[in-house]
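This report concerns only the one structure given below.
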Amino acid sequence: QVQLVESGGGLVQAGESLRLSCAASGRTFSSYNMGWFRQAPGKERQFVAVISWSGSRTYYANSVKGRFTISRDNAKSTVYLQMNSLKFEDTAVYYCNRGPSMDGRPGSDWGQGTQVTVSS
């Protein structure tokens with residue numbers, strides 16, 4: 001059973017940056033694509049970014065392209081989401097996901113989420 005633990009969320013002003021981290025338990029981290037999704041109040045969970053198991057490929061939602069960067073460190077079993085130029089509409093709970101497809105469909109394993117709040 002994999003465990004995914006997100007951290008790094010918080011309250012920031014529009015235009016500022018945050019970096020989220022997701023630490024995974026288990027020895028198979030490097031075998032899986034990893035992704036980030038988010039859910040705003042009253043809305044469905046939506047895809048944000050995905051990175052391939054090797055780190056060689058990434059794919060982003062149009063709403064974050066050019067502002068967010070996903071990366072991973074397989075030696076540390078950790079995936080990151082660098083979020084720059086944050087906007088009010090980026091406010092959401094951000095979830096780490098194991099095994100998403102490269103076109104943004106989620107895998108079956110989720111973290112507990114970390115809150116990101118952007119004040120305008």
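Only a predicted model underlies this, so the values are computations on that prediction, with no experimental measurement involved.
For Arg72, there are no salt bridge (charged side-chain N to carboxylate O under 4.0 Å, His left out) partners at least two apart in sequence or on another chain. Annotation: side-chain contact (heavy atoms from CB on, under 4.5 Å) contacts of Ser54 (sequence neighbours excluded): Ser52, Ser56. Applying the side-chain contact (heavy atoms from CB on, under 4.5 Å) test to Ser71 and every residue at least two apart in sequence or in another chain returns Tyr80. Legend: residues meeting ring pair (Phe, Tyr, Trp, His ring centres under 6.0 Å) with Phe68, ordered by chain and number and at least two apart, are absent.
Counting only heavy atoms from C-beta outward, the side chains of Arg67 and Met83 never approach each other to under 4.5 Å. Proximity of Trp53 to Ser30: side-chain heavy atoms (C-beta onward) are nowhere separated by under 4.5 Å.
Summarising the geometry, atom OG belonging to Ser119 is positioned 9.0 Å from atom CZ belonging to Phe88; distances are rounded to the nearest 0.5 Å. Atoms CD and CD, from Gln39 and Gln46 in turn, are 9.5 Å apart once rounded to the nearest 0.5 Å. Rounding to the nearest 0.5 Å places CG of Leu4 at 8.0 Å from CG of Asn97. Atom-to-atom distance recorded for Asn74:CG and Met34:CE is 9.5 Å, nearest 0.5 angstrom.
Identified under the salt bridge (charged side-chain N to carboxylate O under 4.0 Å, His left out) test for residues 38-63, with sequence neighbours left out: Arg38-Asp90. Sorted by first and then second residue, the salt bridge (charged side-chain N to carboxylate O under 4.0 Å, His left out) pairs involving residues 105-115 (not counting sequence neighbours) are Arg98-Asp109, Asp103-Arg105. For residues 110-120, the set of pairs meeting the salt bridge (charged side-chain N to carboxylate O under 4.0 Å, His left out) definition, not counting sequence neighbours, is empty. For residues 33-69, there are no disulfide bond (SG atoms under 2.5 Å apart) pairs, not counting sequence neighbours. For the disulfide bond (SG atoms under 2.5 Å apart) condition, no pair includes a residue of residues 35-77, sequence neighbours left out. Among pairs with a residue in residues 30-87, none fulfils disulfide bond (SG atoms under 2.5 Å apart), at least two apart in sequence or across chains.
Residue Ile51 comes nearest to Thr58 through the heavy atom pair CG1-CG2, 3.8 Å, listed as atom of the first residue, atom of the second, then distance. What you find for Thr69 and Tyr60 is that their closest heavy atoms are CA-OH, 3.3 Å. Ala92 approaches Ala40 most closely through the heavy-atom pair CB-N, 3.8 Å.
The main-chain N or O of Gly99 is never found under 3.5 Å from a side-chain atom of Asn33 such that the two would form a donor-acceptor pair. Within the 3.5 Å criterion, the main-chain N or O of Val118 finds a donor-acceptor partner in the side chain of Thr91. Between the side chain of Thr78 and the backbone N or O of Lys76, at least one donor-acceptor pair lies under 3.5 Å.
A side-chain donor from one of Gln115 and Thr117 sits under 3.5 Å from a side-chain acceptor of the other.
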Please table the atom pairs, donor to acceptor, closer than 3.5 Å between any side-chain atom in residues 7-26 and protein atoms at least two apart or in another chain.
unit_1, atom_1, unit_2, atom_2, d
Glu16, OE1, Gln13, N, 3.0
Ser17, OG, Asn84, OD1, 2.9
Ser25, OG, Gln3, N, 2.8

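Residue Val93 shares its hydrophobic cluster (ILVMFWY side chains chained together at separations under 4.5 Å) with Phe37, Phe47, Val50, Tyr59, Tyr95, Met102, Trp110.
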